[in-house]
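I am attaching a structure below and will ask some questions about it afterwards.
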Amino acid sequence: MSSLHILNGVNRGATIPLDTDRVVLGRNPECGIVIPITSVSREHAQIVRVQGRFYIEDMKSRNGTFVNNQQISMRTLLKNNDSIRICDFQATYLEPPADSNDDDEGSEGALGSSTIEATLSQNSSLTLETQPAEKLRGLLEISANLSKTLELDTLLPRIVDNLFQLYRQADRGFIILADEEAKKLMPKVVKTRRAVDEANARFSRSIVKMCLETGEAFLTDDAAHDNRVVLSQSVVDFRIRSVMCVPLCSTEGKPFGVIQLDTQDRSKKFTRPDLELLMGVSQQASIALENARLYQEAVARERMNRDLQLARRVQRSFLPDKFPELPGYEFYATYESAYQVGGDYYDFIPLNDRRLGVALGDVAGKGVAASLLMAKVSSDARFCFLTNSELSRTITHLNELLTPQCTKMDRFVTLAAVILNPVTHVCTLVNAGHMSPLHYQHNTRTWVQCVPRRMAGYPLGMMEGAVYDSCEITLEPGDTVLLFSDGVTDAQNIRGESFGIEGLQEALASVPVPSPRAQLERVLKAIRLFTAGVEQQYDDMTQVGFGRTLLADPTS
């Protein structure tokens with residue numbers, strides 16, 4: 001005989017036999033199990049016996065009823081050694097040994113009741129030899145159909161069509177999937193014998209939720225009079241009688257949906273063999289649905305990869321395809337995005353009077369959104385460089401153009417900009433929230449920051465009406481200017497340490513013959529050695545370098 005062993009509360013250590021069909025637990029002295037605690041409701045919960053199996057049900061108590069530390073919201077099947085907790089009261093549900101001869105526990109005579117309960121798990125085996133030949137043929141047909149397509153929109157209705165052929169008594173059929181993120185039940189297929197009924201057909205949410213929560217099959221021959229089923233409007237309106245509901249489970253055994261069949265005719269009832277067969281169908285359908293899901297995910301990934309490859313080519317088209325050619329100067333650049341597409345940008349923009357605009361920007365964020373904003377930065381920067389004579393006004397104008405878009409996207413852009421005059425060898429620089437460009441002075445063999453920290457302005461798109469100041473440096477023969485994004489200094493090794501400005505300076509100091517190309521390639525080599533073993537860097541890495549050559553300069 002099943003019983004409750006009290007672990008905490010009055011009569012601690014006692015074992016109370018469950019020898020009636022209903023035992024109420026609560027503060028009321030008339031309850032079968034009295035729990036004299038003020039936080040316990042007068043009639044807090046009840047344990048009921050249905051066909052030899054015991055269920056516990058909360059009776060709308062104030063503080064809830066818990067089974068295995070999970071609060072229950074509907075009638076819950078008790079299993080051996082289940083823990084029951086009501087406030088400070090705690091007990092363990094115990095079942096008799098499997099060889100017990102107690103006729104009250106699950107005898108065959110119980111099947112004559114108006115309710116038939118089944119708790120077949122996904123591991124239950126289906127004995128095909130016991131099924132009628134017609135049903136075996138139907139099962140084989142379902143198996144064949146399930147293997148013919150990986151398209152869910154085609155697959156799901158086909159499953160229900162086959163089930164209607166297999167179960168002549170079924171009036172309605174549903175396939176319902178659970179959306180865990182949205183916490184919703186989504187009916188993917190709704191089919192009725194009469195097509196005119198499909199528009200108004202509704203499933204019993206309580207049955208579906210019970211099946212999903214327990215991962216067990218459900219069978220009743222009269223839903224309207226089954227204590228386990230909340231008497232919902234759908235049950236009443238559609239006169240639902242016999243119901244079968246079986247879970248669809250992933251390969252890990254986690255339910256992700258159900259198949260539900262029901263009847264509206266008292267004389268057409270589903271039986272336990274019907275349920276066993278439906279369980280076999282659900283196992284095959286689960287595999288087919290899982291394969292279809294994996295196929296759709298693979299197709300989506302492939303489509304995304306193609307789109308990203310196209311976006312990568314488009315984005316690369318915004319970057320210069322060759323370096324400027326100015327007598328007495330050398331130019332070089334490197335660009336490596338962390339993902340298929342990135343948010344770094346650089347450009348060389350020819351201006352009037354032989355001047356040249358140089359810009360390197362970094363859009364906050366990564367991926368497609370950053371790359372889209374990078375495209376706008378590229379076009380707007382060229383427009384501003386070509387329509388403004390002074391660099392400070394150029395960047396101020398660029399900020400005005402970018403601020404509305406950046407505000408909508410909740411992003412900003414850091415930018416280092418230079419205008420080089422190859423006649424006077426003067427570089428005018430503006431820093432908009434970026435890392436200061438570095439100036440290599442050949443005469444002293446040292447690197448210094450081009451823009452003082454006090455002159456660094458706000459990132460573009462962050463503040464409407466921001467004004468930017470400029471400064472100037474003069475390049476001597478052998479001098480170089482290096483612009484770089486923070487992905488260079490933020491590159492990390494396998495220990496999570498950053499390359500840093502120190503690593504950058506150390507790499508630059510080791511270049512034997514200083515030139516923009518030699519300097520940038522040395523930095524890349526040092527980063528690769530530093531990050532060896534790291535599969536992917538988090539940030540884009542971009543460098544732009546230019547400088548005067550040591551050869552005779554006709555303009556000097």
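The first residue in the sequence is number 1, and the count goes up from there.
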Does the side chain of Ser61 pick up a donor-acceptor pair with the side chain of Asp58 at under 3.5 Å?
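Present: a donor and an acceptor within the cut-off.
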For the backbone of Gly500 and the side chain of Ser498, can you confirm whether one donor and one acceptor N or O come within less than 3.5 Å of each other?
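Checking the backbone N and O of Gly500 against the side chain of Ser498, no donor-acceptor pair under 3.5 Å is found.
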Measure the shortest side-chain to side-chain distance between Val258 and Leu177 over non-hydrogen atoms and say whether it is less than 4.5 angstrom.
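Sidechains of Leu177 and Val258: no contact.
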Side chain to side chain, Thr92 and Asp82, heavy atoms closer than 4.5 Å
no
Test side chain to side chain contact (heavy atoms under 4.5 Å, CB included) on Gln46 and Arg75; report intermediate values, then the result.
CA-CA 9 Å; Gln46 64 177 355; Arg75 184 171 290 184; 4.1 Å; yes
Could you walk me through whether Arg22 and Glu57 pass the salt bridge (charged side-chain N to carboxylate O under 4.0 Å, His left out) check?
CA-CA 11 Å; Arg22 181 173 182 264; Glu57 181 179 7; over 6 Å; no
Could you tell me if the side chain of Thr334 sits less than 4.5 Å from the side chain of Met541, heavy atoms only?
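No, side chains not in contact.
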Beyond-backbone contact of Leu402 with Gln405, side-chain heavy atoms, under 4.5 angstrom
no
Distance-only, no hydrogens or angles: does the Asn162 side chain make a donor-acceptor pair with backbone N or O of Ile159 under 3.5 Å?
no
At their closest point, which heavy atom of Leu25 faces which heavy atom of Val23, and how far apart are they?
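Closest pair (atom of Leu25, atom of Val23, distance): CD1-O, 3.7 Å.
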First locate atom CZ of Phe499, then atom CD1 of Ile527, and finally report the distance between them rounded to the nearest 0.5 Å.
5.0 Å
Kindly indicate whether the side chain of Met1, heavy atoms from C-beta on, has any atom under 4.5 Å from the side chain of Pro96.
no
For a 4.5 angstrom cut-off between non-hydrogen side-chain atoms, does Ile84 reach Leu4?
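The answer is yes, as the side chains (C-beta and beyond) meet within the 4.5 Å cut-off.
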Separation between OH (Tyr335) and CG (Asp344), nearest 0.5 Å, reads 6.0 Å
State whether the side chain of Ser286 and the backbone N or O of Cys249 hold a donor-acceptor pair below 3.5 Å, judged by distance alone.
yes
Distance check, rounded to the nearest 0.5 Å: Phe203 atom CZ versus Leu261 atom CG?
14.5 Å
Rounded to the nearest 0.5 Å, the OG atom of Ser282 sits from the CG atom of Leu289 at a distance of 10.0 Å
Nearest heavy-atom approach of Gln90 to Ser83 is NE2-OG, 3.3 Å
With a 3.5 Å distance limit and no angle check, can you tell me whether Thr65 reaches the backbone of Arg85 through a side-chain donor-acceptor pair?
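No; judged by distance alone, with no hydrogens or angles, the pair does not exist.
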Assess whether atom CZ of Phe412 is packed by more than 12 heavy atoms of other residues, nucleotides or ligands within 6.0 Å.
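For Phe412, atom CZ is not crowded (no more than 12 foreign heavy atoms under 6.0 Å).
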Can you tell me if Thr220 uses its side chain to pair, donor with acceptor, with the backbone of Phe218 under 3.5 Å?
no
Presence of salt bridge, Glu276 and Arg272, under 4.0 angstrom
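A salt bridge is absent here (no side-chain N lies under 4.0 Å from a carboxylate O).
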Flag, side chain of Arg27 to backbone of Ile35, donor-acceptor distance under 3.5 Å
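Checking the backbone N and O of Ile35 against the side chain of Arg27, no donor-acceptor pair under 3.5 Å is found.
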Which pair of non-hydrogen atoms, one from Ala285 and one from Leu248, has the smallest distance, and what is that distance?
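Closest approach of Ala285 to Leu248: CB-CD2, 4.0 Å.
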Report yes or no: does His44 contribute a side-chain atom to a donor-acceptor pair with the main-chain N or O of Arg62 at less than 3.5 Å?
no
Salt bridge (charged side-chain N to carboxylate O under 4.0 Å, His left out) with Asp262: which of Arg172, Lys191, Arg193?
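The passing option is Arg172.
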Inter-residue atom distance Thr214.OG1 - Met74.CE, 0.5 Å rounding
9.0 Å
Between the side chains of Ser2 and Tyr93, is a donor N or O closer than 3.5 angstrom to an acceptor N or O?
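Result is yes, a qualifying pair exists.
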Which pair of non-hydrogen atoms, one from Pro187 and one from Leu185, has the smallest distance, and what is that distance?
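Closest approach of Pro187 to Leu185: CD-O, 3.5 Å.
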Can you tell me if Asn493 uses its side chain to pair, donor with acceptor, with the backbone of Gly496 under 3.5 Å?
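The answer is yes, because a donor-acceptor pair under 3.5 Å joins these two groups.
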Determine, stepwise, if the pair Gln492 / Thr531 fulfils side chain to side chain contact (heavy atoms under 4.5 Å, CB included).
CA-CA 6 Å; Gln492 294 188 346; Thr531 61; 5.8 Å; no
Verify, without hydrogens or angle tests, whether Tyr167 (side chain) and Asp274 (backbone) share a donor-acceptor contact under 3.5 angstrom.
yes
Sorted by chain and number, sequence neighbours left out, ring pair (Phe, Tyr, Trp, His ring centres under 6.0 Å) with Phe89 holds for none
For Glu95 and Lys79, which heavy atoms make the closest approach, and how far apart are they?
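Looking at all heavy atoms of both residues, the closest pair is OE2-CA, 4.1 Å.
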Validation row: Phe270, Leu278 side chains within 4.5 angstrom (heavy atoms):
no
What pairs meet the side-chain hydrogen bond (donor to acceptor under 3.5 Å, both in side chains) rule with one or both residues in residues 3-13, with sequence neighbours excluded?
His5-Thr15
For Pro247 versus Met279, what's the shortest heavy-atom pair and its separation?
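Looking at all heavy atoms of both residues, the shortest contact is CD-SD, 4.3 Å.
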Going by an N to O cut-off under 4.0 Å, is there a salt bridge joining Asp179 and Lys184?
no
Residue Glu30 excluded, over 12 heavy atoms near CD under 6.0 Å:
no
Might you work through the side chain to side chain contact (heavy atoms under 4.5 Å, CB included) test for Ile33 and Val24, ending with a clear yes or no?
CA-CA 6 Å; Ile33 299 178; Val24 178; over 6 Å; no
Any donor-acceptor pair under 3.5 Å linking the side chain of Asn68 with the backbone of Gln70?
no
By side chain to side chain donor-acceptor pair (under 3.5 Å) - contacts of Lys268 (at least two apart)
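Result, side chain to side chain donor-acceptor pair (under 3.5 Å) vs Lys268: none returned.
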Step by step, would you call Glu216 with Cys211 a side chain to side chain contact (heavy atoms under 4.5 Å, CB included)?
CA-CA 6 Å; Glu216 297 174 342; Cys211 192; over 6 Å; no
Find out whether Ile47 and Leu18 are in side-chain contact, i.e. whether some heavy atom of one side chain is under 4.5 Å from a heavy atom of the other.
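Ile47 vs Leu18: side chains touch.
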Atom pair OH/OG of Tyr345 and Ser485 - distance to nearest 0.5 Å:
14.0 Å
